[in-house]
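Any value given below was found using the heavy atoms of this structure, including those in side chains, with hydrogens, waters and symmetry copies removed.
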Number of protein chains: 2
Amino acid sequence: MSKCRINNEIRKLRFLSNEMTQQELADRTGVTRQTIVAIENGKYSPTLELAFRIAEVFKLPLEDIFTYQTDDDGKK
Amino acid sequence: MSKCRINNEIRKLRFLSNEMTQQELADRTGVTRQTIVAIENGKYSPTLELAFRIAEVFKLPLEDIFTYQTDDDGKK
DNA sequence: ACACAGTGTCAAATATTATTTACATGAAGT
DNA sequence: ACTTCATGTAAATAATATTTGACACTGTGT
């Protein structure tokens, strides 16, 4: 198919949320800090469930945090 | 925390999409039919990546297909 | 009766993601 | 210099998602 990737705004959103630390986001989503680090840095993408929990912390729709990039998405 | 679950409208959407079969959705998302069955029937939730691919097939935002139910979600 | 398409399920194997533990760096404060 | 805090990384392990292959059930058509 295509090399589609998932980007996320977690790091940005942490800082906009009163500079929330990785540890706090980890606590609030029920995972370890290392998991947050891995996701922020694109090591792998989270399960749908974790993605929803993160979205909930920031009180944003999931797609405001994670974006899926397709090839035909014509971004220049 | 809470027993939060992820529901999906895949089965419904397949029928609304010209009665697409599980096999066709599987082909279009690059997974096996068993994976689609398991997700439709709530055996487990897909990875974020697969969720995005499914959303793409139906040309709908991810959150129109998968919904996360929280305890405090809109309950009075 | 027979074949076939669509679906459900099950078990075992593989792939991917999550967790733990531990160590490292830089910035800020004492 | 020393400590604390936030962050990055790596390896081993646990947990979950996905695949493979098989078999069964129902409805439809021949």
With sequence neighbours excluded, what pairs up with A:E63 under the side chain to side chain donor-acceptor pair (under 3.5 Å) test?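 Scan of A:E63 (side chain to side chain donor-acceptor pair (under 3.5 Å), adjacent residues dropped) gives none.
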Between [atom1] of [X] and [atom2] of [Y], what distance do you get to the nearest 0.5 Å?
| X | Y | atom1 | atom2 | answer |
| --- | --- | --- | --- | --- |
| B:L25 | B:R53 | CG | CZ | 11.0 Å |
| A:Q34 | A:T32 | CD | OG1 | 5.0 Å |
| B:N7 | B:T67 | CG | OG1 | 4.5 Å |

Output a table of nitrogen or oxygen pairs between the protein and nucleotides 14-18 of chain D separated by less than 3.5 Å.
unit_1	atom_1	unit_2	atom_2	d
D:dA17	OP1	B:S45	O	3.2
D:dT18	OP1	B:T47	OG1	3.4

Quick check on the hydrophobic clustering: are B:V37 and B:V31 connected, directly or via other members, by side-chain heavy-atom contacts under 4.5 Å?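 No, B:V37 does not connect to B:V31 through the hydrophobic network.
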Among the clusters formed by ILVMFWY side chains lying less than 4.5 Å apart, do A:M20 and A:F66 turn up in the same one? yes
Please report the distance, rounded to the nearest Å, between [atom1] in [X] and [atom2] in [N].
| X | N | atom1 | atom2 | value |
| --- | --- | --- | --- | --- |
| A:I10 | D:dG8 | CD1 | C1' | 16 Å |
| A:I36 | D:dT7 | CD1 | C1' | 13 Å |
| A:L25 | C:dA18 | CG | C1' | 15 Å |
| A:N41 | D:dT9 | CG | C1' | 10 Å |
| A:L48 | C:dA18 | CG | C1' | 16 Å |
| B:D27 | C:dT7 | CG | P | 12 Å |
| A:R14 | D:dC5 | CZ | C1' | 13 Å |
| B:Q23 | D:dG21 | CD | P | 14 Å |

Pairwise side-chain contact, A:L60 with A:E9, heavy-atom cut-off 4.5 Å (strictly under): no
Going by heavy atoms in the side chains, are A:L62 and B:L48 under 4.5 Å from each other?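 Yes, side chains in contact.
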Using the rule given for side-chain contact (heavy atoms from CB on, under 4.5 Å), can you reason through B:R11 versus B:Q22, listing the C-alpha separation, both sets of side-chain angles and the distance that settles it, and then say yes or no? CA-CA 9 Å; B:R11 175 168 280 267; B:Q22 292 175 334; 3.9 Å; yes
Identify the two heavy atoms, one from [X] and one from [Y], that lie closest to each other, and give their separation to 0.1 Å.
| X | Y | result |
| --- | --- | --- |
| B:L50 | B:I39 | CD2-CD1, 3.7 Å |
| A:I10 | A:F58 | O-CZ, 4.2 Å |
| B:R14 | B:E40 | NE-OE2, 2.5 Å |
| B:A55 | B:P61 | CB-C, 4.4 Å |

Below 3.5 Å between N/O atoms, which protein atoms pair up with nucleotides 24-30 of chain C? Just atom names and distances, please.
none

For residues 21-54 of chain A, the ring-ring contact (aromatic ring centres under 6.0 Å, His included) pairs (sequence neighbours left out) are A:F52-B:Y68
For DNA chain D, what residues of residues 15-22 of chain B have any heavy atom nearer than 4.0 Å?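 Those residues: none at all.
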Classify the side chain of A:Q34 and the base of C:dT21 as holding, or not holding, a donor-acceptor pair under 3.5 Å. yes
Stem regions touching DNA chain C, defined by at least 3 consecutive Watson-Crick or wobble G-U pairs below 3.5 angstrom: C:1-30 with D:1-30
